Amino acid sequence: MRAAVLEELGRFAIKEVPDPVLDRDEVLIKVKYCGICGSDLHIYKETAGVAPGHEYSGDIVDMGPDV
Ligand SMILES: [Zn+2]
């Protein structure tokens, strides 16, 4: 899958990353929209090597057997 990864402080790149492996009680969401909040601003200024964005919505495309 593709992700916007903060490769270094202040610079994003669209990259192919491994598909997540679901636990039994998790769902996989294909993100359609993602917001930006104060936590993301701190990540943008202080943390490289991550794909920020924890406030999103989308479609459930897979789920573990206990969901
Ligand atoms: Zn937030």
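Note that ligands are numbered from 1 as they come in the structure, with each ligand's atoms numbered from 1 the same way. The shown structure was predicted, so the numbers you read here are calculated from the model rather than taken from an experiment.
Transitive grouping of hydrophobic side chains (ILVMFWY, heavy atoms separated by less than 4.5 Å) brings I29 and M63 into a common cluster. Cluster annotation: V31 and I60 are assigned to the same hydrophobic cluster (Ile/Leu/Val/Met/Phe/Trp/Tyr, side-chain heavy-atom contacts under 4.5 Å, transitive). There is no path of hydrophobic side-chain contacts, each under 4.5 Å, that joins L28 to V21.
Within the 4.5 Å cutoff, no side-chain heavy atoms of H42 are placed close to those of T47.
For F12, the ring-ring contact (aromatic ring centres under 6.0 Å, His included) partners at least two apart in sequence or on another chain are Y44.
Residue E55 is tested with S39, C34, C37 for a side chain to side chain contact (heavy atoms under 4.5 Å, CB included); the sole match is C37.
Within the protein, the N, O or S atoms sitting under 2.8 Å from the Zn ion (ligand 1) are C37 SG, H54 NE2, E55 OE2.
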